[in-house]
Amino acid sequence: MWNPPDREVFFAIVWKITQQIPEGLVMTYGQIAAMIPPPGDTTPDVYERMGSRWVGQAMNNTPEGQGVPWQRVINSKGGISLLAGSRAAEQQRHLLHTEGVEFNEKGLIDFNIYGWDGPDADWLKANDLYPPPSMKSDDPQQLNLF
DNA sequence: CGTTTGACTACGC
DNA sequence: CGCGTAGCCAAAC
């Protein structure tokens, strides 16, 4: 599959960001990609379209045993991108559930409740990263309880 | 070797 | 709201 320039370096940054995601919250591939400056000679417009897929590759190559909460990275729709019904997809859903992240009736995660808008400004500055765009909806979430 | 295949997303119908 | 497509390339087949 396609890879970003400096594959290993890019992956390491993705994993580092992923480790910042608090338990019980989630970020999207696109958000993480938006935080990382375009690597190598990648132009911003190409990066905007390819970044999220590269983040997906980083997740696919997540090193085990290093505490990278890969399950907290989901797609822009709020769903799991792994093949539906696969062992890995079920594990991701299970891990998120044990963290308290719940799926709505459409099988999607509500960003207004579980979405994380990134690390604080100091951390971003220290790591030369940009703040990610928020995935939270502008209009207030309607409470459908009762 | 030539083909297929992706942990994605924005955009146009 | 659903579906197709571009973007763009290293590996596995």
Side-chain angles (χ1 to χ4, degrees), chain A residues 1-119 123-124 127-145:
Chain A
M1 181 189 250
W2 24 254
N3 286 302
D6 301 321
R7 172 190 171 102
E8 296 304 322
V9 173
F10 183 88
F11 284 8
I13 296 174
V14 172
W15 297 326
K16 191 171 189 176
I17 293 172
T18 302
Q19 288 177 312
Q20 306 305 311
I21 306 175
E23 181 176 320
L25 298 180
V26 298
M27 285 192 87
T28 70
Y29 298 96
Q31 278 184 296
I32 292 177
M35 293 173 66
I36 306 173
D41 57 0
T42 308
T43 56
D45 60 319
V46 168
Y47 182 63
E48 181 181 341
R49 293 181 297 244
M50 303 300 295
S52 55
R53 300 187 72 178
W54 293 340
V55 170
Q57 281 310 292
M59 287 301 106
N60 193 32
N61 289 280
T62 300
E64 294 181 35
Q66 292 187 34
V68 179
W70 56 272
Q71 72 273 19
R72 295 174 196 152
V73 183
I74 61 178
N75 65 36
S76 63
K77 295 193 296 280
I80 287 174
S81 285
L82 290 162
L83 182 62
S86 68
R87 181 75 179 284
E90 287 305 305
Q91 184 186 12
Q92 181 169 18
R93 192 169 58 78
H94 174 71
L95 286 171
L96 288 172
H97 188 70
T98 59
E99 294 184 4
V101 176
E102 298 187 13
F103 293 75
N104 63 23
E105 65 284 351
K106 295 175 183 172
L108 302 177
I109 294 171
D110 187 343
F111 290 116
N112 284 331
I113 301 175
Y114 305 107
W116 190 51
D117 293 338
W123 190 91
L124 291 172
N127 290 277
D128 293 315
L129 297 173
Y130 306 128
S134 175
M135 294 302 290
K136 296 178 181 177
S137 175
D138 291 329
D139 41 309
Q141 179 70 10
Q142 190 68 32
L143 295 179
N144 295 320
L145 307 178

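Predicted model only: the values in this text are computed from it and were never measured. Every heavy atom of this structure was used, including side-chain atoms; hydrogens, water molecules and symmetry mates were not. Quick note on labels: first sequence line is chain A, next is B, and so on, each numbered from 1.
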Integer-rounded Å distance: [N] [atom2] and [X] [atom1]:
X: A:F11; N: C:dA11; atom1: CZ; atom2: P; result: 10 Å
X: A:M135; N: B:dC8; atom1: CE; atom2: P; result: 14 Å
X: A:E90; N: B:dA7; atom1: CD; atom2: P; result: 17 Å

Interatomic distance at [atom1], [N] relative to [M], whole Å:
N: C:dC8; M: B:dC1; atom1: P; result: 27 Å
N: B:dC11; M: C:dC9; atom1: C1'; result: 23 Å
N: C:dT5; M: B:dT4; atom1: P; result: 15 Å

Would you tell me if any nitrogen or oxygen in the side chain of A:S76 comes within less than 4.0 Å of OP1 or OP2 on B:dT9?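 Result: yes.
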Check A:E90 with A:R87, please: is the shortest side-chain N to carboxylate O separation under 4.0 Å? no
For the pair A:Y47 and A:W54, name the ring-plane relationship: parallel under 30°, tilted 30 to 60°, perpendicular over 60°. tilted
Among the candidates C:dC8, B:dC8, B:dA7, find the nucleotide nearest to the side-chain atoms of A:R53. B:dC8
So do the side chains of A:I36 and A:L129 get within less than 4.5 Å of each other, counting heavy atoms only? yes
Measuring only between side-chain heavy atoms, which start at C-beta, is A:E102 closer than 4.5 Å to A:Y114?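 Yes, at least one pair of side-chain atoms sits under 4.5 Å.
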Contact class for [X] (heavy atom, under 4.0 Å): base, sugar-phosphate, or nothing?
X: A:W54; value: nothing
X: A:S81; value: sugar-phosphate
X: A:N75; value: sugar-phosphate

